[in-house]
Novice: 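Handing you this structure, nothing more for now.
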2 protein chains.
Amino acid sequence: MTQLEKNTEEKIFETAKEVFTEKGYEGARMEDISQRAGINKALLHYYYRTKEKLFNAIFDMVMGEFFENAISMMGSEAPLFKKIELFVDAYITLISKNPHIPNFIINELNRNPERLVTIFKSTPIVKNNAFGKFAEVVQEEIKKGTIEPIEPIQLIINIIGLSLFPIIAKPILMGILFKNDKKKYNEFLESRKKEVAKFVINAIRKK
Amino acid sequence: MTQLEKNTEEKIFETAKEVFTEKGYEGARMEDISQRAGINKALLHYYYRTKEKLFNAIFDMVMGEFFENAISMMGSEAPLFKKIELFVDAYITLISKNPHIPNFIINELNRNPERLVTIFKSTPIVKNNAFGKFAEVVQEEIKKGTIEPIEPIQLIINIIGLSLFPIIAKPILMGILFKNDKKKYNEFLESRKKEVAKFVINAIRKK
DNA sequence: GTCTATACACTGATAGAC
DNA sequence: GTCTATCAGTGTATAGAC
């Protein structure tokens, strides 16, 4: 039970992460963060000096973690179709648990596109070259004639787009298709795991 | 040449549309809008009273227009495959010209989900029931055995997601895949018009 | 480390002259 | 209708006591 009570710095970080990812940089309020964390506003500045530094700490961490997760999912050693099934399932599961993260990252990168450069230096994405490896597998399958010709980049974007879009566009789907019925929306997301994989595999499989 | 000089109210509206769609409600500054419009800050309030009213006017208009456009594209009387090709092409073209709109709408709906309800009352989407008609066409093709069974909703979301995602995620693609090469990114978007249609049709066509 | 009180800057909004 | 000047409110940040 020693660690049940988090120390203040961690508590601030966790709370700020919530607020920033929900509201974005401009929409977030230091007052709001301090209240949710059950502490005083001045303490935020004591630990992180400025709103921007606090935000940066969170953004770097969230973005790095998100990409590492996504990339590592792509690296399984299964054959292509199985790989796709595994990735889609794991990816949708991951984002469902962190539904604000994609928008959070996109919005911040729109405000400040140079951010990507900095982060990539400290992330194993480039070194591992998971995209490259995936592309190779795709090329091999094309040569073998098991799938239709397709540029690996197009395929990767299709897979990610199909997985991600219903979560990014949640408020629209909720309003239009599901009439604010949370349960139906969640069932739909769950159904996407198989649906997307099936759709992608159908699209590329040579019959 | 009589209309080259827009009247002030229109000028404000157009400029505010730019700023709000780029920066979002929280990030937008009345001062910024007035300066870009080449007028005084007080004039904004003279015409629109408050920031929120100005924003609402723009949001309602942008959202309404965007959905009407999207829906009308879905309503062509072509056979299904041709319909998909036409829609994807027109849709990607539309968003390419207004790349900030999707994020703008999604962010605002996250801040204020009830907005959808209001807007739908004054938009011909529900009446025309374009989604419903599209769904019928899909069902017919399934019965005829020309395409694999698929829920129409899943198909629609796949089509929109595949078209929209590369534009929503532009800063990520630009940073990772295209190394900030605008030309390459635009070429990629252009290639998506055929790629997405082909991918979708391959996925559902029964062979 | 944590709090209260407060300084300081910014932004939305209004008053009033022209 | 359009401007300048200014107010009031809010949000970030700091000073200083405990």
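By convention in this document, chain letters (A, B, ...) are assigned in the order of the sequence lines, proteins followed by strands, and residues within each chain are numbered from 1.
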Novice: Apply side-chain contact (heavy atoms from CB on, under 4.5 Å) to the pair A:Glu190 and A:Glu187, showing each step before the final yes or no.
Specialist: CA-CA 5 Å; A:Glu190 190 58 34; A:Glu187 285 169 6; 5.5 Å; no
Novice: Counting C-beta onward and ignoring hydrogens, is there a side-chain heavy-atom pair between B:Ile84 and B:Ile204 closer than 4.5 Å?
Specialist: yes
Novice: Among residues at least two apart in sequence or on other chains, which ones pass side chain to side chain donor-acceptor pair (under 3.5 Å) with A:Glu85?
Specialist: none
Novice: Between A:Tyr48 (OH) and D:dT14 (P), how many Å, whole number?
Specialist: 17 Å
Novice: Mind calculating the distance between CG (A:Leu44) and P (D:dT12) to the nearest angstrom?
Specialist: 10 Å
Novice: State, to the nearest 10°, the angle formed by the axis through the first five base pairs of the helix from C:dG1-D:dC18 to C:dC18-D:dG1 and the axis through its last five.
Specialist: 10°
Novice: Evaluate the side-chain proximity of B:Lys11 to B:Arg36: yes if any heavy-atom separation is below 4.5 Å, no if none is.
Specialist: no
Novice: Show your working on side-chain contact (heavy atoms from CB on, under 4.5 Å) between B:Lys82 and B:Glu77 and close with a plain yes or no.
Specialist: CA-CA 9 Å; B:Lys82 191 70 188 169; B:Glu77 284 302 329; over 6 Å; no
Novice: Is any side-chain heavy atom of A:Ile157 less than 4.5 Å from a side-chain heavy atom of B:Leu177?
Specialist: yes
Novice: Can you check whether B:Tyr48 and B:Phe55 have ring centres sitting under 6.0 Å from each other?
Specialist: no
Novice: Name the atoms and distances for all side-chain donor-acceptor pairs under 3.5 Å in residues 90-98 of chain A, with sequence neighbours left out.
Specialist:
| residue | atom | partner | partner atom | Å |
| --- | --- | --- | --- | --- |
| A:Thr93 | OG1 | A:Asp89 | O | 2.7 |
| A:Thr93 | OG1 | A:Lys193 | NZ | 3.1 |
| A:Ser96 | OG | A:Ile92 | O | 2.6 |
| A:Asn98 | ND2 | A:Leu94 | O | 2.9 |

Novice: Show me the pairs that pass side chain to side chain donor-acceptor pair (under 3.5 Å) and involve residues 147-168 of chain A, at least two apart or across chains.
Specialist: A:Gln154-B:Ser191, A:Gln154-B:Arg192, A:Asn158-B:Arg192
Novice: A:Leu54 CG to D:dT12 C1': how many Å, rounded?
Specialist: 12 Å
Novice: Would you mind reading off the distance between A:Gln35 atom CD and C:dT2 atom C1', rounded to a whole angstrom?
Specialist: 16 Å
Novice: Rounded to whole angstroms, how far apart are CG on B:Leu43 and P on D:dC3?
Specialist: 5 Å
Novice: So do A:Ile156 and A:Phe87 actually touch side chain to side chain, heavy atoms under 4.5 Å?
Specialist: no
Novice: Return a single string for nucleotides 12-18 of chain C, one symbol per nucleotide in 5' to 3' order, where B is base contact, S is sugar-phosphate-only contact and - is none, cutoff 4.0 angstrom on heavy atoms.
Specialist: BBB----
Novice: Give me the residues of residues 11-18 of chain A where at least one heavy atom lies under 4.0 Å from an atom of DNA chain C, by number, or none.
Specialist: none
Novice: Is A:Met63 close to A:Arg115 at the side-chain level, that is, under 4.5 Å between some pair of heavy atoms?
Specialist: no
